[in-house]
A.B. asks: 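Here's a structure for you.
So that the names make sense, note that chain A is the first sequence line, chain B the second, and so on, each numbered from 1.
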There are 2 protein chains.
Amino acid sequence: MAHITARVEYGIHCLLWLVDPASGQPSSRDLAELQGISPSFLAKIFPRLEKAGIVQAADGIRGGYRLAKPPSEITVLEIVDAIEGHKPLFECQEIRGRCAVFDNEPPDWATTGVCGIHAVMLRAEKAMRESLAQETLASIAAVVERKAPNSFPVEVQGWLVERVNGRTSSRSRKLPNGP
Amino acid sequence: MAHITARVEYGIHCLLWLVDPASGQPSSRDLAELQGISPSFLAKIFPRLEKAGIVQAADGIRGGYRLAKPPSEITVLEIVDAIEGHKPLFECQEIRGRCAVFDNEPPDWATTGVCGIHAVMLRAEKAMRESLAQETLASIAAVVERKAPNSFPVEVQGWLVERVNGRTSSRSRKLPNGP
DNA sequence: TTAACGCGGAGTGATACAGTCCGCGTTATG
DNA sequence: CATAACGCGGACTGTATCACTCCGCGTTAA
């Protein structure tokens, strides 16, 4: 299993659809179906982004999500921590005090400060986190935008707008593609 | 659970006991009991270090392990990869091709190259791995040595030598501390 | 009133981790 | 030459997490 989970992958992919303010206020179901992932699973992810101040939620029908701040101020590290809760790269078990020559009574010099192995892992974790802190939703969106044709964002907006409008209309009428 | 597991923690702790050549050739059971961890579990870890060329194994009674190269040439990254097998930080599910507007037939521009989110995670993983590659068994041993009193390595050598000598003698005689 | 929304809690199946047990071939020692 | 400890690999167990689902609550526009 990977350290950075599918929850983060899903979260970032769906946050990217919110970068363009013209997207309005899609629901988590809208985003999940636009992205082709499980709606009920995504519904467990977005409340965490809301509590972290990454996204703003609106209640009731016509409710949904929008970014709580400019995408250039939302780092990937922020998203990862919001969804996974600052999961450490390494969990030190404090093995150092269990050396047999200590006979179950480790001296102070052996247990004070941070374990030497733990320190190495903490530096690696710091390097990883600093790398993630340099990337933002805006920087990822820019990469995607460079690859996609100009027509793509328009198509996505159309899909979203049609879906939001259909919340209270097309459910009582027919589906767009007929019965 | 953490990305870098207890196997790595146990492995590094026990490799540190092999840094001093005067330790001879302790068995995995010797190392496990010296370190206060499960012997049968450590016995699953050291064969991986052997296959990676970090450690040399000797068969038969009086067999055991010694470092296969100088501790300054054994990086922590090497140890992690040997034990865990280059486990990725993030496993991309290629969600990008599942956008609803593609209608199950994603265009080439959407699926060529590395996914923008995956690229971010790969850079973070690279930063982590580069950090781990800068640390060696020797550098960790130096930190530990700075904290321990001069008498400590001597005590450890004594414990190990007594144990290795006891392999064929004290089993047939009494235990050192009486019956 | 209805229906869709956000949200939280409980539950499920699969996988990985920590740890154990057993058996094989090898090798110094009594 | 038998023994005992060694390295090594395979099969196994229990637990925790992950991906995912289901249900019910209060909220809100049509």
A.B. asks: Whole Å only: how far is the CG atom of L42(B) from the P atom of dG9(D)?
C.D. replies: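 Going from CG in L42(B) over to P in dG9(D) covers 15 Å.
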
A.B. asks: Within less than 4.0 Å of OP1 or OP2 of dT21(D), is there a side-chain N or O belonging to S38(A)?
C.D. replies: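 For dT21(D), OP1 or OP2 has a side-chain N or O of S38(A) closer than 4.0 Å.
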
A.B. asks: Check whether any side-chain N or O of Y65(B) sits under 4.0 Å from OP1 or OP2 of dC6(D), and answer yes or no.
C.D. replies: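 No, outside the criterion.
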
A.B. asks: What's the CD1-P distance between I83(B) and dG19(C), to the nearest Å?
C.D. replies: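 Rounded to whole Å, this separation is 14 Å.
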
A.B. asks: For the rings on F46(B) and W17(B), is their centre-to-centre separation under 6.0 Å?
C.D. replies: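 F46(B) vs W17(B): aromatic centres not under 6.0 Å.
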
A.B. asks: Just the rounded figure in Å: distance from P of dT17(D) to NE2 of H3(B).
C.D. replies: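 Distance, rounded to whole Å: 16 Å.
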
A.B. asks: Taking only N and O in the side chain of R29(B), is any of them less than 4.0 Å away from OP1 or OP2 of dC6(D)?
C.D. replies: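 R29(B) to dC6(D) OP1/OP2: side-chain N or O found under 4.0 Å.
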
A.B. asks: Output the distance between atom SG (C14(B)) and atom CD1 (I37(B)), rounded to the nearest 0.5 Å.
C.D. replies: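 Rounded to the nearest 0.5 Å, the SG-CD1 separation comes to 4.0 Å.
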
A.B. asks: So, the side chain of Q35(A) versus the backbone of A32(A): is there a donor-acceptor pair under 3.5 Å, distance only?
C.D. replies: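 A pair under 3.5 Å: no.
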
A.B. asks: Rounded off to whole Å, could you give me the CD-to-P distance for the E84(A) and dT17(D) pair?
C.D. replies: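 Result: 13 Å.
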
A.B. asks: Between R7(B) and dA18(C), is there a side-chain N or O to OP1/OP2 distance below 4.0 Å?
C.D. replies: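 Indeed, a polar side-chain atom of R7(B) lies that close.
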
A.B. asks: Would you kindly give the CD-to-P distance between E50(A) and dT27(D), to the nearest whole Å?
C.D. replies: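 My rounded result for the distance is 16 Å.
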
A.B. asks: Using the closest heavy atom to pick a nucleotide of DNA chain C for each, name whichever of F46(A) or S40(B) lands nearer the 5' end.
C.D. replies: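 Here F46(A) is the residue nearer the 5' end.
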
A.B. asks: Using atom NZ of K87(B) as one end and atom P of dC18(D) as the other, report the distance to the nearest whole Å.
C.D. replies: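 In whole Å, dC18(D) P lies 12 Å from K87(B) NZ.
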
A.B. asks: With respect to the side chain of D30(A), which nucleotide from dG8(C), dC5(C), dT26(C) is positioned closest?
C.D. replies: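 Comparing dG8(C), dC5(C), dT26(C) against the side chain of D30(A), the answer is dC5(C).
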
A.B. asks: So for K44(B) and dG10(D), does any side-chain atom that can act as donor or acceptor lie under 3.5 Å from a complementary atom in the base?
C.D. replies: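 Side chain to base: pair found, below 3.5 Å.
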
A.B. asks: Taking for each residue the nucleotide of DNA chain D with the nearest heavy atom, is it F41(A) or A58(B) whose nucleotide lies nearer the 5' end?
C.D. replies: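 Its nearest nucleotide being more 5', the pick is A58(B).
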
A.B. asks: Can you tell me which nucleotide in dG7(D), dA18(C), dA28(C) comes closest to the side chain of I61(B)?
C.D. replies: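 Taking heavy atoms from C-beta onward, the closest nucleotide is dA28(C).
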
A.B. asks: Separation of R62(A) atom CZ from dA30(D) atom C1', in whole Å?
C.D. replies: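 Distance, rounded to whole Å: 8 Å.
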
A.B. asks: Given dA18(C), is OP1 or OP2 found less than 4.0 Å from the side-chain N or O atoms of Y10(B)?
C.D. replies: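 It does not, given that no N or O in the side chain of Y10(B) lies less than 4.0 Å from OP1 or OP2 of dA18(C).
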
A.B. asks: Does S28(B) have a side-chain nitrogen or oxygen under 4.0 Å from the phosphate oxygens OP1 or OP2 of dC6(D)?
C.D. replies: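 Looking at the OP1 and OP2 atoms of dC6(D), neither is under 4.0 Å from any side-chain N or O of S28(B).
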
A.B. asks: Between D81(B) and R129(B) (salt bridge meaning N to carboxylate O under 4.0 Å), is one present in this structure?
C.D. replies: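 Yes, this pair counts.
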
A.B. asks: Do we see a donor-acceptor contact under 3.5 Å between the side chains of S23(A) and D20(A)?
C.D. replies: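 Result is no, nothing qualifies.
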
A.B. asks: Tell me the interatomic distance from L160(A), atom CG, to dC5(C), atom P, rounded to whole angstroms.
C.D. replies: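 L160(A) atom CG is separated from dC5(C) atom P by 13 Å.
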
A.B. asks: Is there a salt bridge (charged side-chain N to carboxylate O under 4.0 Å, His left out) between K69(A) and E78(A) once you walk through the steps?
C.D. replies: CA-CA 12 Å; K69(A) 43 184 177 177; E78(A) 222 179 322; 2.6 Å; yes

A.B. asks: Considering every strand and a 4.0 Å limit on heavy-atom distances, what is the contact class for A43(B): base, sugar-phosphate, or nothing?
C.D. replies: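 The residue A43(B) makes no contact with any strand.
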
A.B. asks: Just to confirm, is there a sub-4.0 Å distance from OP1 or OP2 of dC5(C) to any side-chain nitrogen or oxygen of S27(A)?
C.D. replies: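 Looking at the OP1 and OP2 atoms of dC5(C), one of them is under 4.0 Å from a side-chain N or O of S27(A).
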
